[in-house]
Amino acid sequence: MTTAEAAPEVSHRPRVADAVLAAGLAMVVAQLVWKFELVRRTYFRQDDFHYLIRGQESGFTWDYLMWVDVGHLLPGGFGISWAMARLGGYNEVLAHTMTMALQAGASLALLRLLVVLFGARPAILVPLGFYLLTPMTVPSLSWWAAVLETLPLQLALPMALSAHVLYARDGRARHLVAACAWTVFGLAFFVKAAFIPVLALVVTACWLTPSWRGLWRLWRAWAAYAAVLAAYSWIFFTGLYGSVQINHSTQTPTLPSLEVAGEFAWLLGSRGLVPSALGGPWAWQPVGDDYAMAAAPEPLVWAGLAVAAAVVAVSVRHRRRAWAAWLVLLGYFLAADVVPVLLGRIDVLGPGVLGHELRYLAATATVVAVVIGLAFIPLSGEQRPWLRPREGERLQETPLRRTRPSWSWLRWNWLRWSWLRWVWVPLVATFAAGSVWSVAAYADRPLGAPVRAYVETARQALSRVPEGTVVLDTYVPPGVAAAAFFHEYARHSRLLGVPDPWPVTWTSRLSGPLRNPMTFDARGRLRPVAVKGLTIPQGPACVPVGPREVRFRLPTRLPGGEYTAQISYLNAAETTLSVRLGLGVAQAAAGKDLGRTFVRITGEGGELALRTTGGPGACVGEIRIGTPVPDEHAAAIPPRQVGG
């Protein structure tokens, strides 16, 4: 009788099974309490703002949901973003609640899969504990956009595999429907869910059925999975080549050179996967105040590789088909973790940076936990799981030759097998200590506090200025949302316009006569605009300017570039000024009486020439030319940063 045909193993010790389940649930709860201390300190960052702004500005349409963002198709995540933008925008409570609910679901789903595969035996607490403790999942928990992708996959993968295993055992159609439904759920959030049917095929071939004939009996499952993947592939590739990115270009995936691909795979495996699977990386390289990448010390990297090789060797020596388990992990790592990055953004940041990014491995933690179980724990009902029989198995095989084994033989056999049980104790203890240390080291930073303080301060500032106030629409600091990646989505007007726009007048450039324009300082407070650069001071009286050019010599020559000129005036009537810097010419309106006007001009030279066009003359006072910045000497609104 094959394993697929065998009924799940029923424990003859129900108290032990109940104790194992109770311990597993307690471990899950403890993990949630532990990780909530990290999650509650996080705030929205980078892609999070982009997703929420886009959700606020878009309708709930097919085009909105099926837009492919640099190789990421996540209609489920976009749907949540659309709803979040209308439920308070940057709603931390809702985001954190969703994160912890998904984390709880993913943890319980893995516990269920381990019970389905191996039974409720104490050994399953080891792979479960690995998943609950590993720092592999921690960076993604501090990034809401990553949560939208990775946690639903961590929930869908074990649920789909559990349903598939049950279908392989009893052939009930409801299990197949559940497996397909969970696969579709995963695909709605992350393209990596396309590998769930592949994992189901490999697990079935290597552990559930011993022959291809047994695989053929599951033809309905493979047909259903193929239909799901075919439909998803059509949607994905149609969106991939048709979606216009936020830089107004379309994406054409190309593979990098073999050298770049090999370097990235090696770095992500040796500096990311292996150290984090052993409780690392133990040290982090900060990326701003709210994120960090793995920075495992070099000696520990090589020590970790040696330990990983030893673990693999021990399992292959004693466990049947353990080699297949490790090949599953290697194949998943290369296909699901390495290749998508090579097709996506490896050319933007390079392998030296992305090779230390644990966010790419978050969902792989679930696969590693399953592989640990397959490599060391017999499946429920599995026949002859070990390459070398243990003491009881050998006695059953040779009852006539040795009905009463000698004491020396029993002692040698006990020593030979007991070390495999007890060697887990120091290894698990070391892993647990390293994981706690690594997570504590990651959490030993402000996390979301600086971004939260900036956004809340900016929103409070906008609520305090009069309606219609002119605000220079600059980019937010790179630590909030990097303009190099998010372009117009990183402007204050769009980032602070969620969930509702503010009643102020936004302007991307200063032009014409403006009364007390304001701009944001580095802490999110509003201050009056000051032009930093060169100044032509005001004389005892203003300088008359008419149709003929009047030239004002600059203190130093300006190199080629784009500048903002601020011109003070005292006019008898409204007029228009023509401003020239070298070959660059721009016009600006000037009002009546005392005021100042602004003009944006591109050019170079050592003097600024002014004249009026089609109107009465003007009388010009102080002129400043340079870059608009917040006036640090003026009063800020609010006086102090929120939370600062």
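One-based numbering along the sequence shown.
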Hey, does [Y] have a side-chain heavy atom less than 4.5 Å from the side chain of [X]?
X: Pro152; Y: Phe190; answer: no
X: Met27; Y: Tyr131; answer: no
X: Thr42; Y: Leu141; answer: no
X: Pro135; Y: Tyr442; answer: no
X: Cys180; Y: His175; answer: no
X: Leu361; Y: Phe333; answer: yes
X: Asp290; Y: Ser142; answer: no
X: Val370; Y: Pro158; answer: no

So, [X] side chain and [Y] main chain: donor-acceptor pair closer than 3.5 Å or not?
X: Arg41; Y: Glu37; answer: no
X: Thr238; Y: Ile235; answer: no
X: Arg445; Y: Gly288; answer: no
X: Ser276; Y: Leu273; answer: yes
X: Arg112; Y: Ser107; answer: no
X: His356; Y: Gly272; answer: no
X: Gln46; Y: Pro478; answer: yes
X: Asp444; Y: Ala440; answer: no
X: Trp284; Y: Ala443; answer: no
X: Arg319; Y: Ile377; answer: yes

### Task
Would you check, one step at a time, whether the test side-chain contact (heavy atoms from CB on, under 4.5 Å) holds for Gln31 with Val28?
CA-CA 5 Å; Gln31 171 235 196; Val28 170; 4.3 Å; yes
### Query
Does the side chain to side chain donor-acceptor pair (under 3.5 Å) test come out yes or no for Ser270 and Trp302, once each step is laid out?
CA-CA 8 Å; Ser270 63; Trp302 292 103; over 6 Å; no
Parallel, tilted or perpendicular: rings of [Y] and [X] (30°, 60°):
X: Tyr232; Y: Phe236; value: parallel
X: Phe49; Y: Tyr90; value: perpendicular
X: Phe486; Y: His50; value: tilted
X: His164; Y: Tyr225; value: tilted

### Message
If you count every heavy atom of other residues, nucleotides or ligands that lies below 6.0 Å from Trp437 atom CH2, does the total exceed 12?
### Response
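No.
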### Query
Is it the case that more than 12 heavy atoms not belonging to Trp323 sit under 6.0 Å from its CH2 atom?
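It does not: Trp323 CH2 has 12 such atoms or fewer within range.
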Shortest non-hydrogen contact between [X] and [Y], atoms and distance:
X: Ala261; Y: Leu342; answer: CB-CD1, 3.7 Å
X: Pro340; Y: Ala335; answer: CD-O, 3.3 Å
X: Leu52; Y: Gly89; answer: CD1-O, 4.2 Å
X: Pro281; Y: Pro275; answer: CA-CB, 4.3 Å
X: Phe185; Y: Ala156; answer: CD2-CB, 3.8 Å
X: Ala362; Y: Ser140; answer: CB-OG, 3.4 Å

### Task
List for me each residue that meets ring pair (Phe, Tyr, Trp, His ring centres under 6.0 Å) alongside Trp143, sequence neighbours excluded, and say none if there are none.
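Partners of Trp143 by the ring pair (Phe, Tyr, Trp, His ring centres under 6.0 Å) criterion, ordered by chain and then number, come out as Tyr291.
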### Query
Do NZ/NE/NH1/NH2 and the carboxylate oxygens of Arg452 and Glu92 come within less than 4.0 Å?
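Salt bridge present between Arg452 and Glu92.
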For residues 65-72, please give each side-chain donor-acceptor pair under 3.5 Å, one per line with the distance, not counting sequence neighbours.
from, atom 1, to, atom 2, distance (Å)
Trp67, NE1, Val244, O, 2.9
Asp69, OD2, Tyr51, OH, 3.1
His72, ND1, Glu149, OE2, 2.6

### Task
Using the six-membered ring of Tyr43, assess whether NZ or CZ of Arg45 lies under 6.0 Å from its centre and within 45 degrees of the ring axis.
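Verdict for Tyr43: no cation-pi partner in Arg45.
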### Query
Distance under 6.0 Å and angle within 45° of the ring axis: does Arg54 meet both against Phe78?
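Pair Arg54/Phe78 counts as cation-pi.
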Spacing of [atom1] belonging to [X] relative to [atom2] belonging to [Y], to within rounding of 0.5 Å:
X: Leu153; Y: Ile196; atom1: CG; atom2: CD1; answer: 5.5 Å
X: Glu263; Y: Leu258; atom1: CD; atom2: CG; answer: 13.0 Å
X: Met293; Y: Leu354; atom1: CE; atom2: CG; answer: 6.0 Å
X: Leu374; Y: Trp207; atom1: CG; atom2: CH2; answer: 4.5 Å
X: Asp47; Y: Leu148; atom1: CG; atom2: CG; answer: 10.0 Å
X: Leu155; Y: Leu151; atom1: CG; atom2: CG; answer: 8.5 Å

#### Entry: Intermediate values then yes/no, side-chain contact (heavy atoms from CB on, under 4.5 Å), Thr364 and Leu329
CA-CA 8 Å; Thr364 308; Leu329 177 58; 4.2 Å; yes
### Message
Checking Leu208 against Val165 for the side-chain contact (heavy atoms from CB on, under 4.5 Å) test, could you report, in this order, the C-alpha distance in whole Å, the side-chain angles of both residues, the deciding distance, and whether it holds?
### Response
CA-CA 8 Å; Leu208 300 182; Val165 171; 4.1 Å; yes
### Message
Hydrogens and angles aside, do Gln103 and Gln154 bring a side-chain donor and acceptor to less than 3.5 Å of each other?
### Response
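Their side chains do not contain a donor-acceptor pair, so the 3.5 Å distance test is not met.
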#### Entry: Tyr167 and Arg174 side chains, donor-acceptor separation under 3.5 Å
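No, no side-chain donor-acceptor pair sits under 3.5 Å.
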### Message
Between Asp289 and Leu447, is the side-chain contact (heavy atoms from CB on, under 4.5 Å) condition met? List the steps.
### Response
CA-CA 6 Å; Asp289 295 318; Leu447 293 179; over 6 Å; no
### Query
How far apart are the C-alpha atoms of Glu298 and Arg271, what are their side-chain angles, what is the distance that settles it, and do they pass the salt bridge (charged side-chain N to carboxylate O under 4.0 Å, His left out) test?
CA-CA 9 Å; Glu298 196 70 15; Arg271 270 68 178 173; 2.5 Å; yes
